[in-house]
There are 2 protein chains.
Amino acid sequence: MNIKSEHIPKATIGRLAVYIQVLENLLRDGNDVISSEKLARACSVNSSQIRKDLAYFGEFGVRGVGYYVQELITSIKQSLGIDRVWKCALIGVGNMGTALLRHHDFEKRGFKICAAFDCDPDKIGLEFEGMEIVCPTHLKEQAPELNLEIGIIATPPDRAQRAANHLVDANIRGIINFAPSRINVPKHIPVEYVDFFDHLYSIAFQITLGND
Amino acid sequence: MNIKSEHIPKATIGRLAVYIQVLENLLRDGNDVISSEKLARACSVNSSQIRKDLAYFGEFGVRGVGYYVQELITSIKQSLGIDRVWKCALIGVGNMGTALLRHHDFEKRGFKICAAFDCDPDKIGLEFEGMEIVCPTHLKEQAPELNLEIGIIATPPDRAQRAANHLVDANIRGIINFAPSRINVPKHIPVEYVDFFDHLYSIAFQITLGND
DNA sequence: AACGTCTTGTTCGAAATTTCACATAGCGGA
DNA sequence: TCCGCTATGTGAAATTTCGAACAAGACGTT
């Protein structure tokens, strides 16, 4: 990769994800070239912001012209490291876990759930979306065999730490936690928390605020 | 409510959601009182940050003692406007929509999905989790009747804007969009986008970065 | 009631992020 | 080939956010 700068703001990464989303829709609508100004409007951000975000990774545009959409998508994906397939392990095949297994965008977007774990004896052995549910104690063997790199925690909150321990023990390289509780893992393993109630809270707050 | 300051950073709102989550777990474990220092460690933030975040809304602590956990939870919920039930309309009963309907935390957390809409003729009329799926054209009648305030979009990306239009037309007050596309609505209606691939991208990026 | 201890609420300086403004560079037409 | 047009890439200013330090205040003990 071709990173020009040391530290990249987390907010930039978030925006890059938005740019990809908008760019792919633009491409589908037949746009070959786009200016930072137009892309900015579509993403509701400032155009300098876009140029600066991209500048962290390289020079992808053509002065006087703009950005070639397909090329820019490719460049951003390369920059983020999502120009390949990441193999994932799911722990917790409940409501959320099941939904994730069924969510076929995973593969489209470069993430493949290659193994599903659950400690419920009633679930172990069941086949699900072409995958057998296995006890998490087997993670340590299977992770190297299957080359699992990212762990997805979708357990109840009180089981999240245990799941995290299994993942760490299996030398997983990153964790995304859908359970509503914090987990502790060694510093070198990145963790992201997903809780869409955050967004509902934010909506509720914004609505309430407008009405005071 | 009792907001002391004009503008509140979006990041603060996000952190308040984290504080609630951690505080509820602390309460479950029998902690009655907590200091900003300990809460900070549990949330992986700075303790001044916590005190400052709370200061936007009032004074909730006792000097020399700390915060009473239950009381603080209540105060934060009041501050965010989630000390009541928000009635929601779901549009799009596909994979994601179904998962949301089944996700029973919604009610626990103060959001109730009171109506489900989908334009697929095969789905209209079906009963789902005690709710009949209705054509979105009926939103405008039902929204005032049922007092629907928040719209949840879970359609395919190319249908998201149409769904948003229906919601705006029905005088909904806020929108949360799970579809991977941007939508345009009048400025006074807050919109939040949820896409957990953002987090997967972030993990992938952080892993890749460590390996260059 | 006075004192010591402990933790909050707040101030102020530092750091990070965003925006502005413009020099730079590619493209197309004359 | 030159010139004008346009949109990028970037340095510097403005704004926002964060963190360290400290004054203020509550509780318990003497």
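The chains referred to below are lettered A, B, ... by the order of the sequence lines, with proteins before strands, and numbering in each begins at 1.
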Length of the line joining [X]:[atom1] and [N]:[atom2], which is rounded to integer Å:
X	N	atom1	atom2	answer
A:Arg51	D:dT10	CZ	P	11 Å
A:Tyr68	D:dA7	OH	C1'	12 Å
B:Phe60	C:dT8	CZ	C1'	13 Å
A:Lys10	C:dT18	NZ	P	14 Å
A:Asp53	D:dG9	CG	C1'	13 Å
B:Leu72	C:dG9	CG	C1'	14 Å
B:His7	D:dT16	NE2	P	7 Å
A:Leu54	D:dT10	CG	P	11 Å

Would you call [X] and [Y] a side-chain contact if the rule is heavy atoms closer than 4.5 Å?
X	Y	answer
B:Ile91	B:Ile152	no
A:Leu80	A:Ile20	yes
A:Val194	A:Ile176	yes

TODO: Establish, with yes or no, whether the OP1 or OP2 oxygen of C:dG26 is under 4.0 angstrom from a side-chain nitrogen or oxygen of A:Tyr67.
DONE: no
Original post:
Hey, does the side chain of B:Tyr56 come within less than 4.0 Å of D:dT17's phosphate (OP1/OP2), counting only N and O?
Top reply: no
* Do B:Phe106 and A:Phe197 have ring centroids that are under 6.0 Å from one another? -> yes
Under 3.5 Å, which protein N or O atoms sit close to an N or O of nucleotides 1-6 of chain D? Give each pair with its distance.
none

Assign each of A:Gly61 and A:Lys52 the nucleotide of DNA chain D bearing its closest heavy atom; nearer the 5' end lies the nucleotide of A:Gly61
Within residues 11-26 of chain A, those residues having any heavy atom closer than 4.0 Å to DNA chain D are none
Note: contacts of residues 30-49 of chain B with DNA chain D (heavy atom, under 4.0 Å) are B:Asn46, B:Ser48, B:Gln49
Notebook entry, point to check: Is there a donor-acceptor pair closer than 3.5 Å between any side-chain N or O of A:Asn177 and the backbone N or O of A:Tyr193?
Noted result: no
In B:Val62, B:Asp32, B:Ile73, B:Leu54, the residue satisfying side chain to side chain contact (heavy atoms under 4.5 Å, CB included) with B:Tyr67 is B:Leu54
Taking B:Arg173 first and then B:Glu149, would you say they form a salt bridge - that is, a charged N and a carboxylate O separated by under 4.0 Å? yes
Give me each pair satisfying salt bridge (charged side-chain N to carboxylate O under 4.0 Å, His left out) with a member in [range], each pair once, sequence neighbours excluded.
range	value
residues 96-105 of chain A	A:Asp105-A:Lys108
residues 152-168 of chain B	none
residues 181-194 of chain B	B:Lys10-B:Glu192

Next item on the list: Indicate whether the side chain of B:Ser181 and that of A:Asn25 have a donor and an acceptor atom separated by less than 3.5 Å.
Entry: no
